Amino acid sequence: MTSTNVTKEAEDSGPSGYAAARLRLLTEGTRSGPPRRTALADLTDDWLTGLFTAGADGARGVSLVAVGGYGRAELSPRSDLDLLLLHDGSDPRAVAALADRLWYPVWDLGLALDHSVRTPAEARRTAGEDLKVHLGLLDARHLAGDLGLTTSLRTAVLADWRNQAPKRLPALQELCAERAERQGELQYLLEPDLKEARGGLRDATALRAVAASWLADAPREGLAEARRRLLDVRDALHLTTGRATDRLALQEQDQVAAELGLLDADTLLRQVYEAARVIAYAGDVTWREVGRVLRSRAVRPRLRGLLGGGKPAAERSPLAEGVVEQDGEVVLARTARPERDPVLPLRAAAAAAQAGLPLSPHAVRRMATTARPLPTPWPAEAREQLVTLLGSGRPTVQVWEALEAEGLVTGLLPDWDRVRCRPQRNAVHLWTVDRHLIETAVRASEFTRRVHRPDLLLVAALLHDIGKGWPGDHSVAGEVIARDVAARIGFDHHDVTVIAALVRHHLLLVETATRRDLDDPATVRAVAEAVGSQGTLELLHALTEADALATGPAAWSSWRASLVADLVKRVSAVLNGADPAGPEQAAPTAHQERLALEAVATGAPVLSLRAQPEPPAETHGEPLDEPEPLGVELLIAVPDQPGVLAAVAGVLAVHRLTVRTAELRALDLPAGVDGSVLLLDWRVAAEYGSLPQAARLRADLVRALDGSLDIAGRLAERDAAYPRRRGVVAPPPRVTVAPAASRHATVIEVRAQDAPGLLFRIGRALEDAGVQVRSAHASTLGANAVDAFYVTDPQGTPLPGEEAAAVARKLEEMLRG
């Protein structure tokens with residue numbers, strides 16, 4: 001039966017005809033989705049118009065208005081009818097009688113009705129007092145009666161909304177936040193409320209209201225489709241349950257999926273999560289824009305008074321190469337060229353996460369449409385920026401979501417698509433698979449001070465459940481995927497093997513500790529054989545805890561932590577002594593020896609600054625034998641003297657050079673050459689712009705060593721002029737004395753958040769402590785500094801235990817201060 005025939009039957013037969021036509025419309029299989037919702041709204045419009053016409057008996061100054069969801073013509077099978085009987089107040093008794101003739105037939109059919117009878121003045125007054133009423137009136141739609149009355153109310157309500165936007169929109173945002181706190185996030189819930197949860201239909205309606213204010217607008221890409229998907233699911237839920245419910249309960253998901261022609265309940269949930277993610281992200285972007293506009297309106301009058309009119313230019317503060325902060329967001333610099341800079345998306349994301357700022361959606365969209373894909377394997381900078389992003393803690397989540405919204409994550413990691421929005425039907429898990437992986441990285445960032453290779457920990461955290469998108473044991477499948485991804489990212493063969501092992505065995509410690517007899521030597525030996533080394537064991541311990549904490553409160557406890565710690569201690573005892581004692585001292589190259597001899601001859605520092613050759617553009621996914629060097633090689637030979645470490649690090653900080661790796665050691669000179677030389681083999685990169693000239697670096701280094709360059713003062717002045725944003729709250733620094741690490745020196749290990757001038761501060765603190773740095777091994781992994789300093793007393797012997805502990809303690813206090 002056609003829609004016209006259904007409507008004709010409803011008009012001819014009264015309530016019973018409407019009921020029959022409604023039932024036929026909802027049960028016929030030819031229409032679903034928007035066409036059915038529109039047809040149901042049209043059918044209901046015609047029926048109510050007939051009731052109004054029969055009851056009004058030619059009365060003037062009265063109209064029937066659909067509001068809320070019915071006003072938007074979005075009638076699901078069990079939706080309420082939201083109706084307003086609007087009148088001019090001239091004949092209240094006639095209006096009351098008309099209301100009875102309208103409402104009672106609706107109730108007689110068992111339909112839910114939300115109704116009111118008001119004059120335009122009463123409607124506006126109620127809207128001014130009740131935000132929800134005002135929202136409903138924004139979607140007012142005329143059904144019958146005095147069209148002019150309805151039109152004037154709509155015009156007045158919209159004008160009120162726009163005039164009151166500075167007050168109304170913050171209240172609406174607070175309402176959305178309170179609802180999200182109560183109902184949770186639709187994109188992660190196993191039994192979500194399609195309407196009330198964050199990212200649901202209520203939020204989509206709120207975005208329409210924001211757009212109606214003309215103050216800001218939501219990103220429209222995919223928003224209408226996401227809203228349509230949730231409405232389709234709600235329709236199917238109403239039809240399968242026969243109830244007016246918005247909660248998608250577990251026991252009903254298979255039926256709802258079948259009603260929608262989907263494969264299974266997991267496919268249904270994944271589509272719901274995808275839609276919710278689009279709406280939630282649009283909400284985040286829109287509310288940020290609202291806040292920015294309102295702040296601008298509040299500040300601009302004062303600025304005009306101070307500046308004498310005109311619109312002040314927005315300040316732009318540099319964060320990284322091609323990346324700046326503007327008005328509370330991370331945007332691309334005017335000189336940025338995404339089409340020539342494939343690392344830019346990761347650099348921008350890392351800078352945003354480190355600064356604790358959102359990524360501008362316009363910047364993300366531009367990078368998604370114009371940036372070239374990264375080569376295989378990735379350049380070292382891309383790998384470092386990924387590690388920095390993953391190690392940024394809680395801000396990583398919103399930045400990652402921004403990248404996902406424009407498809408950048410799948411472009412970087414194609415395997416991500418299989419876990420994206422994938423539900424986990426386990427009461428212990430709070431998140432979908434993809435969000436759990438990011439949460440694990442967030443948790444792992446808290447443990448970067450516990451491990452020697454935080455970069456491997458963070459990447460393994462990101463990949464540990466990547467196999468859940470494939471059939472079979474996800475740990476086995478994940479090992480294969482992780483090996484491929486780690487090689488494409490550009491890790492060397494050894495690191496690829498470690499990451500693959502961490503993914504393969506990420507459940508090993510907790511399962512063994514809670515299910516096996518730890519007093520059985522065979523149990524401990526089996527774990528030791530699987531892990532293979534102290535370094536991998538250290539990483540696996542941290543990953544185990546991060547994974548459990550990211551799963552949910554039921555997955556980790558002090559009891560489990562103690563069992564795992566006991567197992568790790570036993571396995572470590574088995575592995576003790578199996579690792580090599582340490583790297584051998586490399587013989588100097590001919591170039592290094594020439595610099596050293598020149599330093600001895602001149603009695604002054606000599607340096608060389610040179611770029612590395614470009615690596616091969618493609619290796620077909622095979623892991624590199626050596627990781628690609630990051631930055632430019634800086635070689636410095638200095639006659640042995642106190643304060644070299646602090647002087648060199650300080651000069652580099654003054655010139656805004658980032659230290660990626662640093663090696664310092666005393667060099668053995670050829671026989672017959674008097675003197676002692678310290679060789680510094682460092683890798684540096686410009687924080688912004690280009691590298692300084694080597695001659696200028698050398699001149700400043702000479703001044704730093706003779707005391708005529710006040711490095712501390714220069715750095716303090718710069719920090720005062722350009723204070724750094726606090727950004728992420730990093731784990732506190734950790735300084736320890738490595739037991740029995742060397743017979744010739746005391747080894748002090750530092751784990752801290754990388755920052756400009758960090759190595760200068762450490763070097764100066766060690767100098768103030770009266771110790772000599774005989775060699776140093778510093779590296780920056782993402783945003784983490786992982787440093788080891790071999791120090792002695794002035795006589796060249798290792799420090800006594802208590803003195804070494806005191807030096808470490810003072811150094812840690814300095815770094816915390």
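Small disclaimer: the values here were computed from a predicted structure and weren't measured.
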Lys/Arg N to Asp/Glu carboxylate O, [X] vs [Y], below 4.0 Å:
X: D681; Y: R665; answer: no
X: R288; Y: D327; answer: no
X: R453; Y: D495; answer: yes
X: E325; Y: R316; answer: no
X: R683; Y: E663; answer: no
X: R292; Y: E289; answer: yes
X: E812; Y: R816; answer: yes
X: R734; Y: E749; answer: no
X: R450; Y: E545; answer: yes

Tell me, do [X] and [Y] make a side-chain contact under 4.5 Å, heavy atoms counted?
X: T792; Y: L799; value: no
X: D793; Y: T746; value: no
X: S445; Y: L390; value: no
X: I636; Y: V648; value: yes
X: V330; Y: S360; value: no
X: L374; Y: P379; value: yes
X: R347; Y: D341; value: yes
X: V498; Y: F491; value: no

Rounded distance (nearest 0.5 Å) linking atom [atom1] of [X] with atom [atom2] of [Y]:
X: T440; Y: R443; atom1: OG1; atom2: CZ; answer: 9.5 Å
X: L705; Y: R703; atom1: CG; atom2: CZ; answer: 12.0 Å
X: T396; Y: E401; atom1: OG1; atom2: CD; answer: 11.0 Å
X: L346; Y: M367; atom1: CG; atom2: CE; answer: 9.0 Å
X: L456; Y: L539; atom1: CG; atom2: CG; answer: 6.0 Å
X: T544; Y: F447; atom1: OG1; atom2: CZ; answer: 10.5 Å

More than 12 heavy atoms of other groups within 6.0 Å of [X] [atom1]:
X: R372; atom1: CZ; result: yes
X: Q693; atom1: CD; result: no
X: R449; atom1: CZ; result: yes

Is it true that a side-chain atom of [X] and a backbone atom of [Y] form a donor plus acceptor pair closer than 3.5 Å?
X: E717; Y: R714; value: no
X: R660; Y: S779; value: no
X: E339; Y: A371; value: no
X: T589; Y: Q592; value: yes
X: Q641; Y: P639; value: yes
X: E598; Y: V606; value: no

Side chains of [X] and [Y]: do they bring a donor and an acceptor to under 3.5 Å?
X: Q772; Y: Q795; result: no
X: T388; Y: Q354; result: no
X: D700; Y: H655; result: yes
X: S533; Y: T536; result: yes

inquiry  = Using salt bridge (Lys or Arg N to Asp or Glu O under 4.0 Å), reason through E439 and R394 one step at a time and then give a plain yes or no.
reply    = CA-CA 8 Å; E439 284 291 325; R394 188 54 52 191; 2.7 Å; yes
task = Go through the steps for V791 and V807 under the test side chain to side chain contact (heavy atoms under 4.5 Å, CB included), then give the verdict.
result = CA-CA 10 Å; V791 302; V807 171; 5.8 Å; no
key: Closest non-hydrogen atom pair, V737 against A804   =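 For V737 and A804, the tightest heavy-atom pair comes out as CG2-O, 3.6 Å.
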inquiry  = Just checking H744 against Y790, ring centres under 6.0 Å apart?
reply    = no
request  = Apply the test salt bridge (Lys or Arg N to Asp or Glu O under 4.0 Å) to residues R774 and D640: give CA-CA distance (whole Å), side-chain angles for both, the deciding distance (0.1 Å), then the verdict.
outcome  = CA-CA 10 Å; R774 305 316 305 160; D640 195 356; 3.3 Å; yes
